[in-house]
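Sending over a structure as C-alpha cells; questions will come in a sec.
Computed from a predicted structure; not experimentally measured.
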Amino acid sequence: MADIEERKLWKDYMKAYEKCLSATSTRLAPWYAVPADDKPNARLIISRIIVDTLRGLKLEYPKPTPEHRRELLAIRKLLAR
C-alpha cells in the first residue's frame, strides 16, 4: 500500500528532479540522464560521453623549457647506468 501512496507523488518527484537538474547542470559540468535498464547500452552511452568530453578538452603534453629538458636528459643518463 505504501507504494500506491508514493505513486501519487510521482509528478511532484519528477518536477523536483527536473528542477534539480536544471539548477545544477551547466555547460562546463553537465548532467546526463542515461537509461540503466540495458547495461551494455548504458556503458556504451557513458563511454561515448567520456570520449567526447576528453576530445573536447584539447589536451596536449606540456612543452619543457630548455632547462627542464637538460634536467630530464641528465636524469635519463643516471637511470641508464
**Study point:** side-chain hydrogen bond (donor to acceptor under 3.5 Å, both in side chains) involving Arg48 - partner list, sequence neighbours excluded
**Key:** Asp52
**Study point:** In one Ile/Leu/Val/Met/Phe/Trp/Tyr side-chain cluster, 4.5 Å: Leu78, Leu73
**Key:** no
Check your understanding: Any ion pair linking Lys8 and Glu5 (charged N to carboxylate O, less than 4.0 Å)?
Key -> yes
Review point. If you take all heavy atoms of Ala42 and Ala36, which pair is closest and at what distance?
Key: CB-CA, 4.4 Å
Point to revise | Shortest non-hydrogen contact from Pro30 toward Ser25 | key: CA-OG, 3.3 Å
Review point. Is any side-chain heavy atom of Ser47 closer than 4.5 Å to a side-chain heavy atom of Arg43?
Key: no
Review point. Say you draw a straight line from CD1 of Ile50 to CD1 of Ile46; how long is it, rounded to the nearest 0.5 Å?
Key: 7.0 Å
Check your understanding: Rounded to the nearest 0.5 Å, what separation is found between the OG1 atom of Thr24 and the NZ atom of Lys19?
Key -> 12.5 Å
Point to revise | Pairwise distance CD1(Ile49) to CG(Leu54) - rounded to 0.5 angstrom | key: 12.0 Å
Revision key, fill the gap. Scanning both residues in full, the closest heavy-atom pair of Ala33 with Pro35 reads O-CD, 3.9 Å
Revision key, fill the gap. Output for pair (Arg69 CZ, Lys63 NZ), nearest 0.5 Å, gives 12.5 Å
Check your understanding: Would Leu21 and Met14 show up in the same hydrophobic cluster when neighbours are defined by side-chain heavy atoms closer than 4.5 Å?
Key -> yes
Practice item. Verify the cluster assignment for Val51 and Leu59: are they in a single hydrophobic cluster under the rule of side-chain heavy atoms below 4.5 Å apart? Key: no
Point to revise | Euclidean distance, Leu44 CG relative to Lys39 NZ, rounded to 0.5 Å | key: 14.5 Å
